[in-house]
Protein chains: 2
Amino acid sequence: MNALTGGKLKLIQAALRLITETRSLTSLGLRELAREAGLNPNTFYRHFKSLDEFGLQVLGYIAEEMKAGVRDLRQMADSSEQASRDTVAFVYHYFLANPAATTVAVRELHGPSPILRRALESQLEASAREMAEDIIERQLVSAVPPETIHEISRMTIRYILFRAMDYIEKPAQRETIQTETEHFINRQFRGAMLDHLSQTEVERLALRQS
Amino acid sequence: MNALTGGKLKLIQAALRLITETRSLTSLGLRELAREAGLNPNTFYRHFKSLDEFGLQVLGYIAEEMKAGVRDLRQMADSSEQASRDTVAFVYHYFLANPAATTVAVRELHGPSPILRRALESQLEASAREMAEDIIERQLVSAVPPETIHEISRMTIRYILFRAMDYIEKPAQRETIQTETEHFINRQFRGAMLDHLSQTEVERLALRQS
DNA sequence: GCAGGCAGTATACGACTGTCTACTTCCCTG
DNA sequence: CAGGGAAGTAGACAGTCGTATACTGCCTGC
């Protein structure tokens, strides 16, 4: 069942450990990995054909981790009224608990390897789709057309991922990041509700109840 | 006046050339640079003390480039009514014309070197502040408090930068990216105009003129 | 109980890296 | 015209890298 034998897992975890500090997945060396994992350099070849394949496997590994996190998230969100606030809090908490996976994702999303970039993009795309369908299903913002919800979901996923790095590294800013993310989401959806109105009409509405 | 002597400039431009393909600034080697620049490896030491210092100088170089671009932008925007649309088009056009600088910025913003990250962050912060003050000065969205405008400006600058990579790499998606960016900006500001309203009030407003 | 495959090790090779010292070439200035 | 400093070159150093081949131990199926 568990497809990861000892050495393989050790190497992947070594990679995550190294990346958390000051490295990037693409820049890791085979020997460096083995050293960190406490293994002989050649053991690497027993499990991976090349460093590219290794990178993909690491991505797959953290994708599994993330999926587990998302499952928990959906269970929790179902029992909540103010979905955006709780969801944001939960997601950042999750990132904080998995700094290595988060760092890898952020760093390689725009990193030098096209292969990893594509893999990560489709991963994010899947998460965004899941988020959008969840919102649609639960009719959280019924006044916005489905396509727009998908669009905003994609933006939100990306936005959260970028802020996640700061969230991990700068404890003092965590509250700020959290509330700014809530603002981000709420404003996106509220703004989208007014997509069909002209600039002047929106301004008129905004001033009415100030 | 021009502080860049021949060799120094050659090395920096070599770096930009290499990065555009599949490299990252942090991962460049001294000899690799010299080879690409057609110089002896040791010439590097005549101009830079270390690779870190080199990275900072490259950042400074592209910051100069970007500042020139922003100057042009402000001149142009002053003569325009529909500011967001034209501005977005201009900015992406600019990124397209400077792919190397753009790639460096995106890649190192979350890259492995903390020094470069900090440098880039303050650079972005400055751009965001400039953008926000421009918006306030010209009273483009007078119904939103200044602090919120700054917040949205920061988000927008980051969002555009991220999308810039796709914009450069995927010509087929350029129109989509451009319109999505406009949506992003408009929704943020429109949503912010309704910050003081409750969820149900917003929904009532949204439905009125559908 | 033994054969075969799998995980891990040892050693070695060539290529590449950053850095050092010593040398040459060129331009600018007095 | 002479001299000095800056730019660039040459060669060598120790270290690291990825890779290949050959080896040892262990577990499993027959």
Side-chain angles (χ1 to χ4, degrees), chain A residues 1-61 104 107-108 111-116, chain B residues 1-61 104 107-108 111-116:
Chain A
M1 179 61 76
N2 186 4
L4 296 177
T5 72
K8 199 166 185 171
L9 186 60
K10 271 187 193 167
L11 285 168
I12 291 180
Q13 288 176 338
L16 295 182
R17 230 173 300 134
L18 286 170
I19 289 169
T20 320
E21 298 165 14
T22 48
R23 309 303 317 275
S24 132
L25 182 52
T26 331
S27 77
L28 286 179
L30 166 163
R31 300 180 102 105
E32 189 181 10
L33 251 355
R35 207 181 309 127
E36 174 75 21
L39 292 171
N40 187 282
N42 285 314
T43 307
F44 183 89
Y45 286 113
R46 300 287 165 204
H47 305 290
F48 311 100
K49 201 170 40 134
S50 66
L51 283 167
D52 273 336
E53 192 198 313
F54 176 72
L56 285 175
Q57 298 239 19
V58 172
L59 245 51
Y61 178 79
V104 172
R107 210 155 274 174
E108 301 307 327
S113 159
I115 305 155
L116 296 185
Chain B
M1 180 65 74
N2 186 5
L4 295 179
T5 72
K8 200 166 185 172
L9 185 60
K10 270 186 193 168
L11 285 168
I12 290 180
Q13 287 176 337
L16 294 182
R17 230 174 301 136
L18 287 171
I19 290 169
T20 319
E21 297 164 16
T22 49
R23 311 301 317 274
S24 130
L25 181 53
T26 331
S27 76
L28 287 178
L30 164 165
R31 298 181 104 106
E32 190 182 7
L33 251 355
R35 206 181 310 125
E36 174 75 21
L39 293 172
N40 187 285
N42 286 312
T43 307
F44 183 89
Y45 285 114
R46 300 287 165 201
H47 304 290
F48 311 101
K49 200 170 43 135
S50 69
L51 282 167
D52 273 336
E53 190 197 313
F54 176 71
L56 286 175
Q57 298 238 18
V58 173
L59 246 51
Y61 179 79
V104 172
R107 209 153 274 175
E108 302 307 327
S113 159
I115 305 155
L116 295 186

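In what follows, chains are A, B, ... by sequence order, proteins preceding strands, each numbered from 1.
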Between atom [atom1] in [X] and atom [atom2] in [N], what is the gap in whole Å?
X     : N      : atom1 : atom2 : answer
B:L11 : D:dA7  : CG    : P     : 12 Å
B:F48 : D:dA7  : CZ    : P     : 11 Å
B:F44 : D:dA6  : CZ    : P     : 19 Å
B:R31 : D:dA12 : CZ    : C1'   : 10 Å
B:K8  : D:dA7  : NZ    : P     : 9 Å
A:L9  : C:dG8  : CG    : C1'   : 16 Å
B:K49 : C:dG18 : NZ    : P     : 17 Å
B:L51 : C:dT19 : CG    : C1'   : 11 Å

Task: Under 4.0 angstrom between B:H47 side-chain N/O and D:dA6 OP1 or OP2 - done: no

Open item on the list: Looking at C:dT19, I'd like to know if its phosphate oxygens (OP1 or OP2) sit under 4.0 Å from a side-chain N or O belonging to B:Y45.
Closed with: yes

Task: Pair listing, salt bridge (charged side-chain N to carboxylate O under 4.0 Å, His left out) test, anchored in residues 37-46 of chain B, at least two apart - done: none

Task: A:E108 versus A:T26, side-chain donor and acceptor atoms under 3.5 Å - done: yes

Task: Contact pattern, 5' to 3', of nucleotides 21-28 of chain C - B, S or - by protein heavy atom under 4.0 Å - done: -B------

Task: Candidates D:dT19, D:dA12, C:dT9 - which lies nearest the side chain of A:L30 - done: D:dT19

Open item on the list: I need the residues from residues 33-40 of chain A with at least one non-hydrogen atom less than 4.0 Å from DNA chain C; give them sorted by number, or say none.
Closed with: A:L39, A:N40

Task: Partners passing side-chain hydrogen bond (donor to acceptor under 3.5 Å, both in side chains) against A:S27 (at least two apart in sequence or in another chain) - done: A:R23

Task: Set of side-chain hydrogen bond (donor to acceptor under 3.5 Å, both in side chains) partners for A:E36, sequence neighbours left out - done: A:R17

- [ ] With sequence neighbours left out, write down each residue that passes side chain to side chain contact (heavy atoms under 4.5 Å, CB included) with A:T22, or none if nothing qualifies.
- [x] B:P114

- [ ] Report the residues that fulfil salt bridge (Lys or Arg N to Asp or Glu O under 4.0 Å) with B:E53, sequence neighbours left out, ordered by chain and then residue number.
- [x] none

